[in-house]
J.: 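Before we start, here is the structure in question, set down as structure tokens.
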2 protein chains.
Amino acid sequence: MPSKPTRDDTRERLIQIAMELFAFQGYAATGLAQIARKAKVLPGSLYYFFPTKEDLLHATLQRRHELLQPEVLDPAWDGVDDPIERVFALLAGYRRMLTLTDFQHGCPIGNLVIEVGNSHPDARRLLVRNFDNWLDAIERCFRDAAPRLPPDHDPRRLAVFVLVTMEGAVMVARAYRNFEAYDAAIIQLRDYLERLLADALAHPQPDKARNAKKRSRRA
Amino acid sequence: MPSKPTRDDTRERLIQIAMELFAFQGYAATGLAQIARKAKVLPGSLYYFFPTKEDLLHATLQRRHELLQPEVLDPAWDGVDDPIERVFALLAGYRRMLTLTDFQHGCPIGNLVIEVGNSHPDARRLLVRNFDNWLDAIERCFRDAAPRLPPDHDPRRLAVFVLVTMEGAVMVARAYRNFEAYDAAIIQLRDYLERLLADALAHPQPDKARNAKKRSRRA
DNA sequence: GTCTATACAACGATAGAC
DNA sequence: GTCTATCGTTGTATAGAC
């Protein structure tokens with residue numbers, strides 16, 4: 001009967017608001033007073049949960065990490081089973097985000113890498129963890145599609161290429177405030193992957209996976 | 001005999017220092033007092049040349065635009081004539097910049113797109129002009145290499161893809177503070193372009209450019 | 001846990017003497 | 001063109017009552 005304060009608590013609200021404002025305005029440009037006001041918390045109370053602004057930053061990055069699967073990957077991949085199509089479904093998700101925010105939100109992780117990566121070492125490590133998490137998911141896609149790809153293509157390296165393309169495409173799209181660059185990049189990336197798929201189809205590998213025992217096959 | 005104040009003047013020093021600090025620390029995190037101190041100018045004098053901080057930002061972006069050719073393209077392309085290799089020579093230039101600054105400088109344009117793109121419309125337009133200038137140079141490379149590429153590949157779209165790859169690769173490299181992601185992205189980009197070159201070589205186009213008059217060739 | 005009140009520094013910007 | 005002095009605001013962070 002005591003306590004049990006509904007859990008939808010002040011702390012949660014602060015993290016939520018901070019995530020939005022850091023993504024929208026940047027870290028330095030967002031004041032703690034503004035966060036407190038929007039969260040309907042008075043500035044003094046903010047320091048009860050987060051002694052420093054950096055503590056709050058860390059909390060938002062931890063939260064971003066937890067939310068990747070349920071709020072980014074799951075919605076993007078709903079109804080999409082093909083692993084290669086999942087890659088492009090995720091890229092379409094970021095395009096949709098740009099539309100919904102009129103190019104005002106970028107990738108929250110990439111934004112902060114640039115803004116605080118130099119000056120906040122702990123935050124940088126958390127940002128890396130977020131990238132790793134993202135890369136793991138895309139690497140799995142390419143691993144699942146491995147039989148359809150040329151054998152010398154490392155799934156991790158392909159995943160990195162997709163991350164790089166996404167981050168670059170989001171940035172350039174925001175600069176121009178239109179989708180020309182974003183769509184151009186995705187067209188080229190798709191063209192590349194389709195060429196890899198076609199190449200693997202034209203030169204099928206002697207699937208060493210199935211009968212790995214009889215590996216002595218010379219001439 | 002009067003005036004002629006050596007031209008290596010205060011204003012130049014301010015722009016130079018501001019360019020460095022905006023690139024290194026970001027726009028919001030750089031104070032005018034800090035700029036003045038480093039340039040050995042007193043804060044009051046700064047406002048003689050640049051009434052507002054934003055005016056100084058605009059001046060640095062204008063300067064970046066002017067410096068692309070002499071300070072970025074020319075050094076990267078020294079001794080490199082092949083247009084495709086020029087693309088990779090430029091990407092190697094950004095890699096070198098990351099090495100020299102221990103991953104602390106990114107692309108000055110990309111950084112500012114993210115930091116001030118939303119809130120400073122005039123600066124955003126200048127940033128776009130910088131991107132356009134960069135894209136023009138790379139587009140020319142692909143245009144020069146057009147006979148060696150498949151005919152359905154727009155040079156501008158390829159240039160955009162290179163810009164996107166560069167910006168994303170620089171960002172991700174800075175997050176990890178190593179070159180794994182950067183090199184992975186460049187390997188994939190090179191693989192893609194080599195596949196395009198090989199494809200064009202395998203399927204030579206019936207060069208319609210040379211004899212454009214006899215275009216009625218059915219069955 | 002939440003509130004009021006406030007300390008203290010740094011910010012962008014200005015006025016005016018020289 | 002350069003300097004001194006300073007305004008008003010906002011920033012992060014604290015102290016302490018409730």
Side-chain angles (χ1 to χ4, degrees), chain A residues 1-61 112 115-116 118-123, chain B residues 1-61 112 115-116 118-123:
Chain A
M1 251 59 107
S3 64
K4 198 173 195 179
T6 65
R7 288 302 313 290
D8 180 10
D9 239 343
T10 312
R11 187 189 150 90
E12 293 303 305
R13 234 168 36 239
L14 286 169
I15 292 179
Q16 200 65 36
I17 299 287
M19 280 200 296
E20 287 175 23
L21 291 178
F22 289 166
F24 177 56
Q25 301 177 331
Y27 178 71
T30 300
L32 292 172
Q34 186 186 13
I35 294 171
R37 179 161 26 87
K38 277 217 170 190
K40 294 186 176 158
V41 173
L42 295 213
S45 306
L46 205 163
Y47 288 91
Y48 174 77
F49 297 103
F50 306 103
T52 75
K53 192 184 183 182
E54 202 171 0
D55 290 327
L56 178 55
L57 173 63
H58 294 167
T60 66
L61 293 177
L112 288 171
E115 191 183 353
V116 306
N118 279 340
S119 47
H120 297 65
D122 295 336
Chain B
M1 251 62 99
S3 63
K4 198 172 196 180
T6 66
R7 288 302 314 289
D8 180 10
D9 240 340
T10 312
R11 186 189 151 90
E12 294 303 304
R13 237 169 32 242
L14 286 170
I15 293 179
Q16 201 64 36
I17 300 286
M19 278 200 297
E20 289 174 21
L21 291 178
F22 290 166
F24 176 57
Q25 302 176 332
Y27 178 70
T30 301
L32 292 173
Q34 185 186 13
I35 294 172
R37 180 161 24 89
K38 277 217 171 191
K40 293 184 177 157
V41 173
L42 295 211
S45 304
L46 206 162
Y47 288 92
Y48 173 78
F49 296 103
F50 307 102
T52 73
K53 191 183 184 184
E54 202 173 359
D55 290 326
L56 178 55
L57 173 62
H58 295 168
T60 67
L61 293 177
L112 289 171
E115 191 183 353
V116 306
N118 279 340
S119 47
H120 298 64
D122 294 337

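Letters go in sequence order (proteins before strands), and every chain restarts at 1.
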J.: Looking at the side chain of B:Phe49, which of C:dG1, C:dG12, D:dT2 is the nearest nucleotide?
T.: D:dT2

J.: Starting from C1' on C:dA10, measure out to NZ on B:Lys53 and report it in whole angstrom.
T.: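 Atom-to-atom, B:Lys53 to C:dA10, this comes out as 11 Å.
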
J.: Would you say B:Tyr48 reaches D:dG1's phosphate, i.e. side-chain N/O to OP1/OP2 under 4.0 Å?
T.: yes

J.: Measure from NZ on A:Lys40 to C1' on C:dT2 and round the result to the nearest Å.
T.: 17 Å

J.: Are the side chain of A:Glu115 and the backbone of A:Tyr27 linked by a donor-acceptor contact shorter than 3.5 Å?
T.: yes

J.: Taking C-beta and beyond as the side chain, do A:Phe22 and A:Ile35 meet within less than 4.5 Å on heavy atoms?
T.: yes

J.: Would you say A:Phe24 and A:Thr30 make side-chain contact, with heavy atoms under 4.5 Å?
T.: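 Of all side-chain heavy-atom pairs linking A:Thr30 with A:Phe24, none is under 4.5 Å.
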
J.: CZ of A:Arg13 versus C1' of C:dG1: gap in Å, rounded?
T.: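 The distance from CZ of A:Arg13 to C1' of C:dG1 comes to 12 Å, rounded to the nearest Å.
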
J.: Is any side-chain heavy atom of B:Phe50 less than 4.5 Å from a side-chain heavy atom of B:Ile15?
T.: yes

J.: Which of these nucleotides, D:dT12, D:dC3, C:dT2, is closest to any side-chain atom of A:Ser45?
T.: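 Nearest to the side chain of A:Ser45 among the choices is C:dT2.
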
J.: Between B:Tyr47 and C:dT14, is there a contact of a side-chain N or O with OP1 or OP2 at under 4.0 Å?
T.: no

J.: DNA chain D: A:Gly44 or A:Ala29, which has the more 5' nearest nucleotide?
T.: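 First, find each residue's nearest nucleotide; the 5'-ward one identifies A:Ala29.
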
J.: Report yes if at least one side-chain N or O of A:Thr10 is closer than 4.0 Å to OP1 or OP2 of C:dT2; otherwise report no.
T.: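 So the side-chain polar atoms of A:Thr10 do come within 4.0 Å of the phosphate oxygens OP1 or OP2 of C:dT2, strictly under.
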
J.: Would you mind reading off the distance between A:Leu46 atom CG and C:dA5 atom P, rounded to a whole angstrom?
T.: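 A:Leu46 atom CG is separated from C:dA5 atom P by 19 Å.
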
J.: Round to the nearest Å and state the distance from A:Leu21 atom CG to D:dT12 atom P.
T.: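 From A:Leu21 CG to D:dT12 P: 12 Å.
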
